[in-house]
Amino acid sequence: MRNLLALLLVLMVTACASRHGFDRETLQCKIFDQKQVAEDNIPSGLELKPRLPSPFKLAIYFTSSSTNRRYGSTWRWLDEDKDTFLAIGAELISKGIISDAFVFSDHIAEGGDIKAIRIAAARAGADAVLIVNGVGDIDRYNNALGYYYILLITPLFIPGTQADGLFLVTASLWDVRNQYLYLSVEGEGSAKEIKPVLYIDEKKILKSAKSAALAAMKTELSSRLAKIGAK
């Protein structure tokens with residue numbers, strides 16, 4: 001049993017020994033749906049015109065959560081994340097810019113592409129749909145204290161491991177009638193933990209990074225939605 005524990009500790013320590021950094025290009029490719037920018041749709045896309053009524057009814061759609069590419073950590077959209085966008089909706093309702101704002105779930109949309117999401121939003125009576133997409137990653141590595149992990153007991157109390165979390169989020173507003181893109185807003189957040197290797201909580205790190213990303217984009221999104229509704 002002791003030998004097995006020693007082997008597990010060695011594997012855990014060596015697996016996160018060095019810093020890798022974040023592959024931002026790969027993350028950005030994941031967060032931006034390439035179906036939105038199909039080259040053969042450019043001519044017809046240039047002919048699209050805004051058709052939002054005033055006030056307009058807003059649907060909010062959150063794309064599926066994902067799994068971290070290196071360590072298998074998962075993240076998911078929480079009620080508090082959705083409340084961030086509903087709070088923006090409530091503010092715009094009070095200003096007479098939108099008439100209603102609501103979140104609808106994956107099972108209503110028959111597919112994850114823009115067309116399927118627009119159709120589902122239209123069936124719910126919305127004039128426009130805000131599609132929220134996110135991606136997160138963790139970079140986990142040993143700091144200078146990690147050298148002490150060679151002693152079997154030290155991974156229990158030596159803070160020799162650091163985990164950095166990065167989260168990217170986008171929100172794009174589409175007309176449900178003709179797929180006109182009104183806006184696209186981005187946000188980025190980060191978080192980290194420095195703890196003994198056995199106590200690093202990657203889900204907590206990604207949750208904090210996600211909250212920071214949403215907070216970073218909230219003000220700009222609210223301002224740009226207000227301008228669209230005022231036109």
Side-chain angles (χ1 to χ4, degrees), residues 22-66 75 77 81-89 91-92 95 97-98 101-104 106 109 111-122 124 126-137 166-190 209-231:
F22 296 107
D23 185 350
R24 288 178 175 272
E25 184 176 350
T26 298
L27 291 174
Q28 288 173 345
C29 286
K30 286 183 177 181
I31 197 172
F32 290 110
D33 187 352
Q34 299 304 309
K35 296 175 185 175
Q36 295 179 7
V37 201
E39 195 169 308
D40 56 357
N41 288 334
I42 290 178
S44 58
L46 293 174
E47 298 174 0
L48 298 177
K49 302 297 180 182
R51 298 175 58 185
L52 278 184
S54 181
F56 65 93
K57 189 173 182 178
L58 176 66
I60 305 170
Y61 177 86
F62 289 81
T63 60
S64 300
S65 306
S66 65
W75 63 269
W77 297 114
D81 302 327
K82 298 174 183 179
D83 288 343
T84 297
F85 290 87
L86 290 175
I88 294 175
E91 176 186 350
L92 297 178
K95 295 179 179 179
I97 294 172
I98 66 175
F102 62 93
V103 174
F104 68 100
D106 285 348
D113 60 3
I114 299 256
K115 183 177 181 180
I117 296 170
R118 283 174 45 234
I119 291 173
D127 300 300
V129 57
L130 186 71
I131 300 178
V132 184
N133 196 6
V135 63
D137 197 11
L166 176 68
F167 197 91
L168 307 178
V169 62
T170 65
S172 53
L173 183 70
W174 300 85
D175 196 306
V176 300
R177 294 175 177 83
N178 64 359
Q179 198 168 312
Y180 183 85
L181 176 62
Y182 290 97
L183 64 82
S184 181
V185 179
E186 303 171 30
E188 177 179 316
S190 60
K210 174 160 58 69
S211 296
L214 292 177
M217 74 178 300
K218 181 178 179 180
T219 300
E220 181 182 357
L221 177 61
S222 178
S223 174
R224 292 185 62 182
L225 284 171
K227 290 178 181 178
I228 288 173
K231 291 180 179 180

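This structure is a prediction, so every number in the text was calculated from the model and none was measured. Along the sequence shown, residues are numbered consecutively beginning with 1.
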### Query
Side-chain contact, heavy-atom cut-off 4.5 Å: Ile60 with Lys82?
no
## Note on the structure
Here the gap from Tyr61 atom OH to Ser172 atom OG, rounded to the nearest 0.5 Å, amounts to 12.0 Å
### Message
Can you confirm whether Lys210 sits close enough to Val169 that some side-chain heavy atom of one is under 4.5 Å from a side-chain heavy atom of the other?
### Response
no
### Task
Return the minimal non-hydrogen interatomic distance between Lys57 and Ala124, and the atom names on each side.
NZ-O, 3.6 Å
### Where Val176 and Ala121 come nearest, the two heavy atoms and their spacing
CG1-CB, 3.8 Å
### Task
Can you measure from CG (Leu92) to CD1 (Ile228) and round to the nearest 0.5 angstrom?
10.0 Å
### Query
Say you draw a straight line from CG of Leu173 to CG of Leu181; how long is it, rounded to the nearest 0.5 Å?
7.5 Å
### Task
Check Phe167 against Gly136 and note the closest heavy-atom contact, atom names and distance.
CD1-CA, 3.7 Å
#### Entry: From Ser190 atom OG to Asp137 atom CG, the distance as rounded to the nearest 0.5 Å
13.0 Å
### Query
Is there a side-chain contact between Val132 and Trp77 (heavy atoms, below 4.5 Å)?
yes
### Query
Between Phe102 and Phe104, what is the ring plane arrangement, given parallel below 30°, perpendicular above 60°, and tilted in between?
tilted
### Task
Answer yes or no: is there a side-chain heavy-atom contact under 4.5 Å between Asp175 and Arg118?
no
### Task
Taking the side chain as every heavy atom from C-beta outward, state whether Glu186 and Leu168 have any atom pair closer than 4.5 Å.
no
### Message
Please find the pair of heavy atoms, one from Ala171 and one from Met217, that lie closest to each other, and give the distance.
### Response
CB-CE, 3.4 Å
### Message
Once salt bridge (charged side-chain N to carboxylate O under 4.0 Å, His left out) is applied, do any residues pair with Arg51, and if so which ones, sequence neighbours excluded?
### Response
none
### Query
Taking the side chain from Tyr182 and the backbone from Leu52, do they hold a donor-acceptor pair closer than 3.5 Å?
yes
#### Entry: Approximate separation, where rounding is to 0.5 Å, of Leu183 CG and Leu130 CG
7.0 Å
### Query
Do Val103 and Leu86 have side-chain heavy atoms sitting under 4.5 Å apart?
yes
### Task
State, with a plain yes or no, whether a side-chain heavy atom of Phe85 is found less than 4.5 Å away from one of Leu221.
yes
### Message
Using every non-hydrogen atom in the two residues, find where Ile98 and Gly89 come nearest and quote the distance to one decimal.
### Response
CD1-O, 3.5 Å
### Task
Looking only at non-hydrogen atoms, find the nearest pair between Glu91 and Ser222 and report the distance.
OE1-OG, 3.4 Å
### Task
Applying side-chain contact (heavy atoms from CB on, under 4.5 Å), run through Leu214 and Asp81 and close with a yes or a no.
CA-CA 8 Å; Leu214 292 177; Asp81 302 327; 3.4 Å; yes
### Task
Scan Ile131, Val135, Thr170 and name whichever one has a side chain to side chain contact (heavy atoms under 4.5 Å, CB included) with Thr63.
Ile131
### Query
Is Arg177 reaching over with its side chain to a backbone N or O of Ala122, donor-acceptor style, under 3.5 angstrom?
no
